[in-house]
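Note sheet for the following structure.
Note on naming: letters A, B, ... go to the chains in the order of the sequence lines (proteins, then strands), and numbering restarts at 1 for each one.
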Number of protein chains: 2
Amino acid sequence: MKRVMSGREDSRPLYQRTTDALAAVIKDVEPGSYLPSEPKLARQLGVSRATLREAMRVFEGQGVIVRKQGVGTMVTHPPHVIETGIEKLESLETLAGRIGLQVEMGELEIEEREATDLEIERFALENGARVVDVSRVISTEERPIAYLVDSLPEHYLPEQVQQRRFKGSILDLLVRKQKPSVNTSLTEITAVSASAEVARELGIQRGDVLLCMEAWLRTREGDLIDHSFSYFLPGTFRFSIVRRVQGV
Amino acid sequence: MKRVMSGREDSRPLYQRTTDALAAVIKDVEPGSYLPSEPKLARQLGVSRATLREAMRVFEGQGVIVRKQGVGTMVTHPPHVIETGIEKLESLETLAGRIGLQVEMGELEIEEREATDLEIERFALENGARVVDVSRVISTEERPIAYLVDSLPEHYLPEQVQQRRFKGSILDLLVRKQKPSVNTSLTEITAVSASAEVARELGIQRGDVLLCMEAWLRTREGDLIDHSFSYFLPGTFRFSIVRRVQGV
DNA sequence: AAAAGGTCAATTGTCAGACAACATAATCGA
DNA sequence: TCGATTATGTTGTCTGACAATTGACCTTTT
């Protein structure tokens, strides 16, 4: 009888902890076979059936499980690919760590400048407001593999970065900060040939092939807090995504 | 007092109809403002609060709404970007039609051959089984913009294609067919320089920059039914994706 | 013997009502 | 005037019950 409640107090709502616990259960179930019945599972996790069902709906929405009345709840194939995708918003360091890739962050280059008209509109800034460009190179074994440029209003930039006392991901910092709470990133993916600047930073030829991502980072209230371009040398990172038919 | 129950019998479970009804409600709510309270909304939709909450969890999982105890349920910004992303599995024609782009399908090139070892393993085929390569060019205003190559076992290929009586998307046909029921596509995105073959088909120079997607199409049972490569000239299609922080 | 139909147990679907936990606004007292 | 308290409305959680569906087993009929 394993209960959801952990020793230390977890202040999150029960259904969220239940979701985590359920994820662990699903992970241990062979794809194609069935979960325990709802009453049983609810007893196992120490929650009511109603709460358990709400948690299950989340996974059903993701297509991880399929429920059928009178039969049971099946874990679908493949339940693991979710974790390899980029639909999760996380920093490159976190991603690299998960796939066992050792990366080194280059020195941050920080430049302050006046906001452009577009930025004033998108970020909802006042005229003459100032924004900061933060750029850096990410390498593995001394070979550059990515070049990142973040643009964001001055007041959103964490202090650690401002004081150059930090070598890491802007995204990680922003996510960890509670205010403002980062929620989503609308990312656009395209292929480009390297410009002179990017080529210089990455040590490649001008015109070489790069994968480019332009991302708009927003809070859950919809406020824009960061705009970034990321350039990747093809072949190192594998960006995958699970696409689903709409009807389901 | 609008009820979920429609005049004609909808055999789907109530919570699914509730999900649809709830989607309509959310659509009419200004982003940033709140939904009616759960008891009220449940009465409005003619379902119990438990059923309503299960439906709400789906949208919460998608980040469309945010619930806070003691306060209410807010519709987030921006609720529309979902529809622009590639996390939905649909054909290029469907996508193009949605964004108002007129495209022309080129002639299909169909070649049958023996399956490779990798394909025998992935598709779970017998030794010596035969697979079909289907390739085509997609253009807009006479200018090629994409080159697609599908590889799939012979018996999965719809008859219309086999008989050359079809000019359109393999994916559309497969989705429309009930057996086997296409569910997900694991797509990997990268940038490549055009090979000789692709360059010839697209009328570009060898080495030009292309966006490349490799996709594995599967049924919900996990069976592989199609493997495809898609090459895109940058700039025409805008592939976007909504990434979310994991914790929420 | 084979096919058809009926019974039964197990599972998910749905409901009603109640109370707890939490947040905010209104009220009251010093 | 300001702080504490109360009131009210919201989401969170639980309990117990019954309905709808499925599949296995058994019985009956052909």
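- The CZ-P distance, from R43(A) to dT11(C), rounds to 10 Å in whole Å.
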Checklist entry - Nucleotide by nucleotide, 5' to 3', does protein get under 4.0 Å of the base (B), only the sugar-phosphate (S), or neither (-) in nucleotides 6-12 of chain D, counting heavy atoms? => result ---BBBB
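- For S37(B), there are no side-chain hydrogen bond (donor to acceptor under 3.5 Å, both in side chains) partners, not counting sequence neighbours.
- For E214(B), the salt bridge (charged side-chain N to carboxylate O under 4.0 Å, His left out) test picks out no residue, with sequence neighbours left out.
- Every side-chain hydrogen bond (donor to acceptor under 3.5 Å, both in side chains) that T187(B) has, sequence neighbours left out, goes to S185(B).
- Between L41(A) atom CG and dA10(C) atom P the separation is 18 Å, expressed in whole Å.
- The salt bridge (charged side-chain N to carboxylate O under 4.0 Å, His left out) pairs that include a residue from residues 121-134 of chain B are E112(B)-R130(B), R113(B)-D133(B), where partners are two or more places apart or lie in different chains.
- For E188(A), the salt bridge (charged side-chain N to carboxylate O under 4.0 Å, His left out) partners are R238(B), not counting sequence neighbours.
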In residues 65-72 of chain A, what donor-acceptor pairs under 3.5 Å come from side-chain atoms, sequence neighbours left out?
residue : atom : partner : partner atom : Å
R67(A)  : NH2  : E38(A)  : OE2          : 2.3

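- Taking the centre of each ring, F232(A) and F239(A) come in below the 6.0 Å mark.
- When the P atom of dA10(C) is taken as reference, atom OH of Y34(A) falls 17 Å away, rounded to whole Å.
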Under 3.5 Å, which N/O atoms of the protein pair with N/O atoms of nucleotides 4-6 of chain C?
none

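- Put simply, CZ on R17(A) is 12 Å from P on dA21(C), counting in whole angstrom units.
- Applying the side-chain hydrogen bond (donor to acceptor under 3.5 Å, both in side chains) test to T190(A) and every residue at least two apart in sequence or in another chain returns nothing.
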